[in-house]
Enquirer: 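Below you will find the structure I want to go over with you.
So you know, we letter chains A, B, ... as the sequences are listed, proteins then strands, and number each from 1.
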2 protein chains.
Amino acid sequence: MIGIFDSGLGGLTVVKEIIKKLPNCPIVYFGDTARTPYGTKSAEIVTKYAIENTKFLLKLGAKIIVVACHTASSTAMDKLKEVFPDVPFFEVVTPSMRKALALTKNKKIGLIATRTTVESKIYDRLFAQADPEVKLYSQPAPLLVPLIEEGWLKRPETRRIVKKYLIPLKMKGVDTIILGCTHYPLIKKVIQEKAGKRRKLVDPSEEVAVEVEAFLKKHPEFYTEGEKQEPKIFVSDITPNFERIACLFLGRRIKLEKVNLE
Amino acid sequence: MIGIFDSGLGGLTVVKEIIKKLPNCPIVYFGDTARTPYGTKSAEIVTKYAIENTKFLLKLGAKIIVVACHTASSTAMDKLKEVFPDVPFFEVVTPSMRKALALTKNKKIGLIATRTTVESKIYDRLFAQADPEVKLYSQPAPLLVPLIEEGWLKRPETRRIVKKYLIPLKMKGVDTIILGCTHYPLIKKVIQEKAGKRRKLVDPSEEVAVEVEAFLKKHPEFYTEGEKQEPKIFVSDITPNFERIACLFLGRRIKLEKVNLE
């Protein structure tokens, strides 16, 4: 069983990609909707939440954990591995970094993300280690999450704001842009349109699914095959609006189940 | 000492209005920035948080409590009065309702607010009790909080989105609009511009300050006069961005202090 958590429902884009690759592997998801968003909170608080979320998924039988939240991927991984040394962890930052490195030709890479992900400088550090020649240009894009959660996926306001966020990256001449938040794949078309056809986009949800699939092929002891089944989606708070957003992300109706971690 | 809490920093508009009226009354504020926003969370969770926040403020010496959060004002008041029967509570919904009633001539009133405040139907219930002839038209405006917190107070994107939110209310012919969220006073000028000069706006931060002042004049036993001093601002999580937003709301630099309620 694969356990996946996110600060909210954005990580369902990761669930969607993993189902595409491993349709028969049971999935349990936890969206921390009572404490969302993590993107504006401090590293200390986010780490505390990440540990609680992991405990919950392990208790339900998860054998590997995918941290589908960029903020937690940026700030909580060292502590998670320390607290749960026997659990294979996956996160959304490193696979995107690797993919961007493979795609870029001019070594100028752009990043759009929440303010906390940008300020964590996690991508800067990873690129500096992997290839010091890479120039990373980061653009905080804090309005995209609320626009997406509103379902304003193609509206003129969304287009205008995406365009505004991309201008500084285009001015720097980046040839590759990392979508540094699990929400962004929902407006990938708008982003591609405003970025220009020749710029390559890196979708972290796709990249982490590739890594999980490769890992499970190498380590079948962590793989549980079952009947093809709906993923189990738990949340820490439930509202009609969350159910609407979950459908938006998964592309179909899904039942949410509420749990209290505190 | 007056205790004021909000889900985040928006309630600082209430602090600002109370300081205008009672410059020598000590104020302690708690912004629940670790668990913000309340506007998307369920009534159950919001009530739990409201009780914790009140306990914290009372422990610091607050004698009256102002619930500066529309979501908590809409959903948690009954429970708060039950749990703390000796504490005078003020909230931002009733005073705005009264003011709107006093202002409207055609009895068509508009409300812009977060989705949770609109869905709580608190204003509908209050108006139905106060004057069954009033027609209330409610418009969820969930993008305004993130736009304001970005500091995009006068940007074209903000103007466009405000305009879009107001269209349905204007179509209904409302002559008065309640700004149903403590963030909105920061873009009152834009809202007034898009609503048209003749429509009256009700600012809940102003109205609750009027009520608190009137109460303290009648009940001096709850009033503590001191040296003129800075309000004490506590938050459950602190980031450079929160400090920036706090300055935006109070109109000057202010030190935030972090506390852990959990």
Side-chain angles (χ1 to χ4, degrees), chain A residues 7-9 31-46 48-49 52 71 75 114-116 118-120 140-152 155-165 235-245 256 258 260-262, chain B residues 7-9 31-46 48-49 52 71 75 114-116 118-120 140-152 155-165 235-245 256 258 260-262:
Chain A
S7 57
L9 298 164
D32 197 3
T33 49
R35 305 188 288 198
T36 195
Y38 289 2
T40 51
K41 295 185 174 74
S42 69
E44 187 195 341
I45 290 274
V46 169
K48 176 173 173 284
Y49 293 171
E52 291 173 7
T71 307
T75 53
T114 64
R115 203 180 288 284
T116 307
V118 168
E119 285 171 0
S120 77
L143 290 167
L144 298 188
V145 167
L147 285 164
I148 290 165
E149 295 200 340
E150 256 324 85
W152 287 23
R155 292 244 198 152
E157 290 77 8
T158 307
R159 289 174 189 280
R160 269 185 80 119
I161 290 173
V162 167
K163 190 178 169 193
K164 187 162 257 177
Y165 284 144
V235 287
S236 47
D237 189 26
I238 201 163
T239 68
N241 196 40
F242 288 150
E243 298 189 291
R244 186 185 60 75
I245 294 170
L256 302 180
K258 193 186 151 187
N260 193 353
L261 297 198
E262 285 176 75
Chain B
S7 58
L9 299 165
D32 198 3
T33 49
R35 305 187 289 198
T36 197
Y38 288 3
T40 51
K41 297 185 172 75
S42 71
E44 186 195 342
I45 290 274
V46 170
K48 176 173 173 284
Y49 292 172
E52 292 173 6
T71 308
T75 53
T114 64
R115 203 180 288 284
T116 307
V118 169
E119 285 170 0
S120 76
L143 290 168
L144 298 189
V145 168
L147 284 165
I148 290 166
E149 294 201 341
E150 257 323 85
W152 287 24
R155 292 242 199 155
E157 290 78 8
T158 307
R159 290 175 187 280
R160 269 185 82 118
I161 290 173
V162 167
K163 190 179 169 189
K164 186 162 257 175
Y165 284 143
V235 288
S236 49
D237 189 26
I238 201 164
T239 69
N241 196 39
F242 288 150
E243 299 191 289
R244 186 185 60 74
I245 294 170
L256 302 180
K258 193 184 152 189
N260 194 351
L261 297 198
E262 286 175 76

Enquirer: Pick one of side chain, backbone, both or neither for A:P140, based on which atoms fall under 4.5 Å of a heavy atom in chain B.
Expert: neither

Enquirer: Mind checking the CD1-CD spacing from B:I161 to A:E157? Nearest 0.5 Å is all I need.
Expert: 5.5 Å

Enquirer: Counting only heavy atoms closer than 4.5 Å, note whether B:P146 contacts chain A via side chain, backbone, both or neither.
Expert: both

Enquirer: Tell me which of these, A:E44, A:E149, A:E150, has more heavy-atom pairs under 4.5 Å with chain B than the rest.
Expert: A:E150

Enquirer: Out of B:E119, B:R115, B:K258, return the one with the most heavy atom pairs under 4.5 angstrom to chain A.
Expert: B:R115

Enquirer: Go through the atoms of B:F242 and report whether side chain, backbone, both or neither lie under 4.5 Å from a heavy atom of chain A.
Expert: side chain

Enquirer: What is the distance from atom CZ of A:R160 to atom CZ of B:R155, rounded to the nearest 0.5 Å?
Expert: 10.5 Å

Enquirer: Counting only non-hydrogen atoms closer than 4.5 Å, does B:T33 touch chain A with its backbone (N, CA, C, O), its side chain (CB onward), both, or neither?
Expert: backbone

Enquirer: Any chance you could measure A:R35, atom CZ, to B:D237, atom CG, to the nearest 0.5 Å?
Expert: 12.5 Å

Enquirer: Once you round to the nearest 0.5 Å, how far does CD1 of B:I45 lie from CD1 of A:I238?
Expert: 11.5 Å

